[in-house]
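For reference, the structure discussed in these notes is given below.
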Amino acid sequence: MGDLAEPIVDHETETLDMATRSRGVNRRNLRRWVRRGVVVAAALVLIPTLLVLLYLPSFVHPVSMLMLKDLATFSGYDRRWVSIDDVAPVLPNSVIMSEDGQFCFHRGVDLGELRGVVDDALAGEATRGASTITMQTVKNLFLWSRPLGSVRKVVELPLAVYLDAVMSKRRIMEIYLNIAEWGPGIYGIEAAAQHHFGISAKQLSRRQAALLTVTLPNPILRDPAKPGPGLRRLANLIERRAGRSGAYVGCLK
């Protein structure tokens, strides 16, 4: 009987040792993944922070993540950088009145709009967009669209506040207008004006500026050169708003 009991004791001891070793390995793996996560998070913060400082001078012409994707997939794109001084003023005015009416007054994030989105979400209602031009600029420069949209927002909000703190509104608008997508492979207002209307961005009329502006939410499906009835109605609204923009666009002067 004694001889038979010994292997059982040894087996139990071996099982306990294996379990202990397994827990030790799991803890080491967890610590390793935590360290990697911290490094990735630090990179997500540090790289955009440094790039923002690099993008401050007007002679630097940033590219967007979508433009980099097009290069990586050999799709190619058309982008012709243009100074904001060489863009018809009605275009940025129209963009502000359509995309972010408080652009000149908030600090990168429109807290009023953001609170409304949170309230709607808590009430179980459909949420509306609260993305400012600054937030869209951050997203286009440094981040991704989908999936993981909610994770992106966590990174996007503080970066938008930082961008607004160190960069002028005029420069933010200049970068946004030069990296926004205005059609498949068409980036920036100069390429958009040339592609859709055969003129430079400086020559855009109020009507053309309004049509280009209302294309921004869905540039793949909306064509400003061939607008349908719905797009024309939106353009009429933005054209009227841009004509009465006044102090709303004062930060671009």
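Because the structure is predicted, anything quoted here is derived from the model rather than measured. Sequential numbering from 1 along the given sequence is applied to the chain's residues.
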_Quick check for you: to the nearest 0.5 Å, what is the distance between Leu143 atom CG and Thr137 atom OG1?_
11.5 Å

*Validation row: Met167, Ile175 side chains within 4.5 angstrom (heavy atoms)*: yes

*Hey, could you give me the OG/CZ distance between Ser168 and Arg171, rounded to the nearest 0.5 Å?*
8.0 Å

*If Ile, Leu, Val, Met, Phe, Trp and Tyr residues are connected whenever their side-chain heavy atoms lie under 4.5 Å apart, and connections chain through other members, are Phe197 and Val214 in the same group?*
no

*Main-chain N/O of Ser94 paired to Ser98 side chain as donor or acceptor, under 3.5 Å*: no

Please tabulate, one pair per line, all N/O donor-acceptor pairs under 3.5 Å involving side-chain atoms of residues 158-166, not counting sequence neighbours.
unit_1	atom_1	unit_2	atom_2	d
Tyr162	OH	Thr49	O	3.1
Asp164	OD1	Lys169	NZ	2.7

*Compare all side-chain heavy atoms of Leu252 with those of Ile96 and state whether any distance is below 4.5 angstrom.*
yes

_Do Asp223 and Thr215 make a side-chain contact, defined as non-hydrogen atoms from C-beta onward lying under 4.5 Å apart?_
no

_Under a 3.5 Å distance rule, please check whether Ser64 uses its side chain to pair with a backbone N or O of Met67 as donor and acceptor._
yes

*Answer yes or no: are there more than 12 heavy-atom neighbours, outside Arg232 itself, under 6.0 Å from its atom CZ?*
yes

_Inter-residue atom distance Ser83.OG - Glu190.CD, 0.5 Å rounding_ = 11.0 Å

*Under 3.5 Å, is there a donor-acceptor pair between the side chain of Trp182 and the main chain of Ala191?*
no

*Check: Asp110 and Phe103 side chains under 4.5 Å, non-hydrogen atoms*: no

_Counting C-beta onward and ignoring hydrogens, is there a side-chain heavy-atom pair between His106 and Asp100 closer than 4.5 Å?_
yes

*For Asn178 and Arg80, test the side chains for any donor-to-acceptor distance below 3.5 angstrom and give the result as yes or no.*
no

*Could you tell me how the ring of Phe142 sits relative to the ring of Tyr55: parallel (under 30°), tilted (30 to 60°) or perpendicular (over 60°)?*
parallel

_Partners meeting ring-ring contact (aromatic ring centres under 6.0 Å, His included) with His61 (sequence neighbours left out)_ = Trp81

_Distance check, rounded to the nearest 0.5 Å: Ile199 atom CD1 versus Leu204 atom CG?_
4.5 Å

*Measure the spacing between NE2 of His195 and CG of Asp78 and express it to the nearest 0.5 Å.*
8.5 Å

*Taking C-beta and beyond as the side chain, do Ile179 and Arg79 meet within less than 4.5 Å on heavy atoms?*
yes

_Starting from Leu216, can I reach Ile133 by hopping between I/L/V/M/F/W/Y residues whose side chains sit under 4.5 Å apart?_
yes

_I'd like to check Tyr176 versus Pro92 (side-chain heavy atoms, cut-off strictly below 4.5 Å). Are they in contact?_
no

*Would you call Arg222 and Leu234 a side-chain contact if the rule is heavy atoms closer than 4.5 Å?*
yes

_Nearest-0.5 Å distance that lies between atom CD in Gln136 and atom NZ in Lys139_ = 6.0 Å

_Phe59 reachable from Leu54 in the ILVMFWY side-chain graph, under 4.5 Å edges_ = yes

*Under 4.5 Å between side-chain heavy atoms, hopping through other hydrophobics if needed: is there a path connecting Leu231 to Ile189?*
no

*At their closest point, which heavy atom of Met65 faces which heavy atom of Leu141, and how far apart are they?*
CG-O, 3.5 Å

*asked:* Around atom CZ of Arg206, are there more than 12 heavy atoms from other residues, nucleotides or ligands closer than 6.0 Å?
replied: no

*Answer with yes or no whether the hydrophobic clustering places Val60 together with Leu53; edges join I, L, V, M, F, W, Y residues whose side-chain heavy atoms lie under 4.5 Å apart.*
yes

